[in-house]
Amino acid sequence: MAPVPPLLSMSGITKSFPGVRALDGVDLDVQAGEVHCLLGQNGAGKSTLIKVLAGAHQPDGGTIRWRGEPVVLRSPIAAMRLGIATIYQELDLVEHLSVAENVHLGHEPTAAGFVVRRRLARQSTSALLKRLGHAEIDPARLVGELSAAQQQVVSMARALSHDVRLIVMDEPSAALDPDEVDNLFRIVGDLTADGVAVVYISHRLEEIRRIGDRVTVLKDGRAVAGGLPAKTTPTREVVALMTGRNVGYVFPERPADGVPPTGAKPLLEVRGLAREGEFEPIDLDLRPGEIVGLAGLVGSGRSEILETIYGARKPTAGQVLVDGRPLRPGSVRAAVRAGLGLAPEERKAQALLMLESVTRNVSVSTLSRFSRAGWIDRGAEQGAARAATRELSLRPDNPSVPVRTLSGGNQQKAVLARWLLRGCRVLLLDEPTRGVDVGARAELYAVVRRLADEGLAVLMVSSEVPEVLGLADRVLVLREGRVVHTAPARELDEHRVLDLVMEGSPAS
């Protein structure tokens, strides 16, 4: 008798975006009734792969087989019609519609082809919610009134309303408490018992052990391991597969003692700073000449901490002090006046004026300096911008060119030049080398190290653990919004940090 083919088989999947090869020949086989876990660090290609499976991205190459037959998933609707549903971490529910309306959105039961049968929709939704163990959710209630856990159940009910045979769950436990996670796992167990396959994405290895059958590990857009037994593969082996790399990191040397003198007065002090639902109270001192790194996974609160310090988010508790003076909470203007500067993760959308010149992008925070009787002194503005960009070796050496024409590394230098011109004393860096090629990374590392050596205080966030360990003097490891470990960077290695962000440990 011929063997039964996998429910899903993805072979040699490739996908490129401008300047990035996100998937490089990925294979993934999923059997009916199994929980197949997808692991990998940020940027490994997990999100791109599931978007290909969901029909949201079209692959550049490779084949997809569904129940042994080749298929082309041209759209999310095409994937759903086959029986493939995706529940993203950011749930795509319509908050001002009812539960029943969300569950049947796009395939409402109708009479005479156009009249929506609302009662039938509510009855069908009730049956689905009961199947998921949540009969208490009222189908007529607005989705925006539900808890995060209840909204996730609604997303599952919507998937099941299509007679789904494979559900992709992207970080489904990220917003759930332990009891809600237990219920999620019960639901997954019931689904797989009915023959439904689940592709489960999580950074939490303890969850993988508990719920998974097999594991595929992605690294740099490739599947470096497929079909590993989830419950018996050693954690160290999984971590090693996730962290193995073929790209070198070249970092400048740290000061001889590794950190600035401990007796130096802190320039930035963070005391009990917290935002409910995002990160727990954090204490932090940052001295002139010091680079401190925040290491953690997506959702750990890293970027939220930077943005709250900068005033882009208002804290629910605690305060930020510069030179011993408290900043006004939630005020970017107060932070900038005190000498703080932020290079955000999404520099094109959040920091740069893409159609403007390098000069205007560098001078935008200091235009008043070049104002003469209500007019901008263009010569003075351009001269100051040129001096700032030359200090960072920005190329080309022509501040008149549009910033959109620069490479990713030089666009980042333009952001840094803005804060140098402003006289920034505390630099907040969020993913400083995102979208920067390998050669330009070394230049940026050298720039940041030199600025610190000249007295700037730097607080950085990066998804790449080697980057944090190689550039920072001291590291705070975050897991689920709290600091679980603090240590000089020289006392940590990549495996240790990943163990901490996945498994957690008491703060020390």
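Below, all heavy atoms of this structure are taken into account, side chains as well, without hydrogens, waters or symmetry copies. Position 1 is the first residue of the sequence, and the numbers go up from there.
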> Would a distance-only check, ignoring hydrogens and angles, find a side-chain to backbone donor-acceptor pair under 3.5 Å from S363 to T366?
Replying inline: no
> Considering residues at least two apart in sequence or located in another chain, which fulfil the side chain to side chain donor-acceptor pair (under 3.5 Å) criterion with E276?
Replying inline: none
> Could you walk me through whether D430 and S303 pass the side chain to side chain donor-acceptor pair (under 3.5 Å) check?
Replying inline: CA-CA 7 Å; D430 195 351; S303 297; 2.8 Å; yes
>> To the closest 0.5 Å, what do you measure between CD1 (I282) and CG (L476)?
In response: 5.5 Å
>> Looking at every non-hydrogen atom in both residues, tell me the closest pair between V292 and A472 and how far apart they are.
In response: C-CB, 4.2 Å
> Counting only N and O atoms by type, is there a donor-acceptor contact under 3.5 Å from the side chain of D283 to the main-chain atoms of G272?
Replying inline: yes
> Considering only heavy atoms from C-beta outward, does the side chain of L451 approach that of V458 to under 4.5 Å?
Replying inline: no
> Is any side-chain heavy atom of V215 closer than 4.5 Å to a side-chain heavy atom of T233?
Replying inline: no
> Is any NZ, NE, NH1 or NH2 atom of the basic residue among R21 and D24 found under 4.0 Å from an Asp or Glu carboxylate oxygen of the other?
Replying inline: yes
> For R287, does its backbone N or O pair with a side-chain atom of E290 as donor and acceptor, under 3.5 Å?
Replying inline: yes
> What is the distance from atom CD of E269 to atom CZ of R325, rounded to the nearest 0.5 Å?
Replying inline: 11.5 Å
> More than 12 heavy atoms of other residues, nucleotides or ligands under 6.0 Å from CZ of R450: is that the case?
Replying inline: yes
> Considering residues at least two apart in sequence or located in another chain, which fulfil the side chain to side chain donor-acceptor pair (under 3.5 Å) criterion with R422?
Replying inline: none
> Tell me, which pairs form a side chain to side chain donor-acceptor pair (under 3.5 Å) where one or both residues lie in residues 350-361, sequence neighbours left out?
Replying inline: R360-E381
>> Tell me whether K15 at atom NZ has more than 12 heavy atoms from other residues, nucleotides or ligands lying less than 6.0 Å away.
In response: yes
>> Please check this pair: side chain of N102 against backbone of V94, looking for a donor-acceptor N/O pair closer than 3.5 Å.
In response: yes
> Okay, side chain of Q412, backbone of P432: is any donor-acceptor separation there less than 3.5 Å?
Replying inline: yes
> With S155, which residues qualify under side chain to side chain contact (heavy atoms under 4.5 Å, CB included), at least two apart?
Replying inline: I87, L91, L93
> Is the side chain of E304 donor-acceptor paired with the backbone N or O of F279 at a distance under 3.5 Å, no angle test?
Replying inline: no
>> Between T86 and Y88 (side chain of the first, backbone of the second, donor and acceptor by atom type, cut-off under 3.5 Å), is there such a pair?
In response: no
> Taking all non-hydrogen atoms of both residues, which atom of W419 and which atom of A343 are closest, and how far apart?
Replying inline: NE1-N, 4.3 Å
> Do E467 and T433 pass the side chain to side chain donor-acceptor pair (under 3.5 Å) test, and can you show the C-alpha distance, the side-chain angles, and the key distance before you say yes or no?
Replying inline: CA-CA 9 Å; E467 187 166 89; T433 60; 2.4 Å; yes
Ignoring hydrogens and angles, write down the donor-acceptor pairs under 3.5 Å from the side chains of residues 52-62, residues two or more places apart or on other chains.
{"residue": "Q58", "atom": "NE2", "partner": "L73", "partner atom": "O", "Å": "2.8"}
{"residue": "Q58", "atom": "NE2", "partner": "R74", "partner atom": "O", "Å": "3.3"}
{"residue": "D60", "atom": "OD2", "partner": "S16", "partner atom": "N", "Å": "2.6"}

> What's the verdict on side chain to side chain contact (heavy atoms under 4.5 Å, CB included) for T486 and V475, showing C-alpha distance, side-chain angles and the deciding distance?
Replying inline: CA-CA 6 Å; T486 302; V475 177; over 6 Å; no
> Could D323 and R425 be called an ion pair, given the rule that one side-chain N must be under 4.0 Å from one carboxylate O?
Replying inline: yes
> Quick one: are L416 and L427 in side-chain contact, heavy atoms under 4.5 Å?
Replying inline: yes
>> Restricting to salt bridge (Lys or Arg N to Asp or Glu O under 4.0 Å), what partner residues turn up for E278, sequence neighbours left out?
In response: R275, R313
> Hey, mind stepping through L420 and E391 against side chain to side chain contact (heavy atoms under 4.5 Å, CB included) and telling me if it holds?
Replying inline: CA-CA 9 Å; L420 287 184; E391 186 175 347; 4.2 Å; yes
> Do other residues, nucleotides or ligands put more than 12 heavy atoms under 6.0 Å from R404 CZ?
Replying inline: no
> Do D473 and R449 meet the salt-bridge criterion of a basic N to acidic O distance under 4.0 Å?
Replying inline: yes
> Would you call V199 and M169 a side-chain contact if the rule is heavy atoms closer than 4.5 Å?
Replying inline: no
>> In the structure I gave you, are the side-chain heavy atoms of F17 and T48 within less than 4.5 Å of one another anywhere?
In response: yes
>> Give me the atom names and distance for the closest heavy-atom approach of I376 to L367.
In response: CD1-O, 3.9 Å
>> One pair to check against side chain to side chain contact (heavy atoms under 4.5 Å, CB included): E280 and E480. What are the steps and the verdict?
In response: CA-CA 9 Å; E280 297 179 11; E480 298 180 2; over 6 Å; no
> For the atom pair CD (Q152) and CG (L146), what is the distance rounded to the nearest 0.5 Å?
Replying inline: 12.5 Å
>> With rounding to the nearest 0.5 angstrom, report the CD1 to CG distance, I50 to L28.
In response: 11.5 Å
>> Does L353 have more than 12 heavy atoms from other residues, nucleotides or ligands lying within 6.0 Å of its CG?
In response: yes
> So, the side chain of T389 versus the backbone of R386: is there a donor-acceptor pair under 3.5 Å, distance only?
Replying inline: yes
> For K413, does its backbone N or O pair with a side-chain atom of N410 as donor and acceptor, under 3.5 Å?
Replying inline: no
> What's the shortest heavy-atom distance between D493 and L469, and which atoms?
Replying inline: C-CD1, 3.5 Å
> Is a donor on one side and an acceptor on the other found under 3.5 Å between the side chain of R302 and the backbone of V477?
Replying inline: no
>> Can you give me the closest heavy-atom contact between A338 and V322, atom names plus distance?
In response: O-CG1, 3.6 Å
>> To check you understand the geometry: which heavy-atom pair defines the closest contact between A225 and L241, and what is its length?
In response: CB-CD1, 3.7 Å
>> Is any side-chain heavy atom of V238 closer than 4.5 Å to one of I208?
In response: no
>> With salt bridge (Lys or Arg N to Asp or Glu O under 4.0 Å) as the criterion, how do D285 and R474 come out once you've worked through the C-alpha distance, each side chain's angles and the decisive distance to 0.1 Å?
In response: CA-CA 11 Å; D285 287 341; R474 184 160 47 93; over 6 Å; no
> Where do S365 and R418 land on the side chain to side chain contact (heavy atoms under 4.5 Å, CB included) test, with the steps shown first?
Replying inline: CA-CA 7 Å; S365 293; R418 174 188 302 168; 3.5 Å; yes
> Given L478, which of L500, V501, I305, V461 fulfils the side chain to side chain contact (heavy atoms under 4.5 Å, CB included) condition?
Replying inline: I305
> Should the pair K348-E346 be classified as a salt bridge under the 4.0 Å nitrogen-to-oxygen rule?
Replying inline: no
> So do V143 and L97 actually touch side chain to side chain, heavy atoms under 4.5 Å?
Replying inline: no
> Is there a donor-acceptor contact under 3.5 Å linking the side chains of E207 and Y200?
Replying inline: yes
> Between T216 and L39, is any pair of side-chain heavy atoms under 4.5 Å apart?
Replying inline: no
> Atom CG in L342, atom CD in E307: separation rounded to 0.5 Å?
Replying inline: 7.0 Å
> Strictly by modelled atom types, are S393 and E443 linked by a side-chain donor-acceptor pair under 3.5 Å?
Replying inline: no
> When rounded to the nearest 0.5 angstrom, what is the spacing between CG in L267 and CG in L459?
Replying inline: 11.5 Å
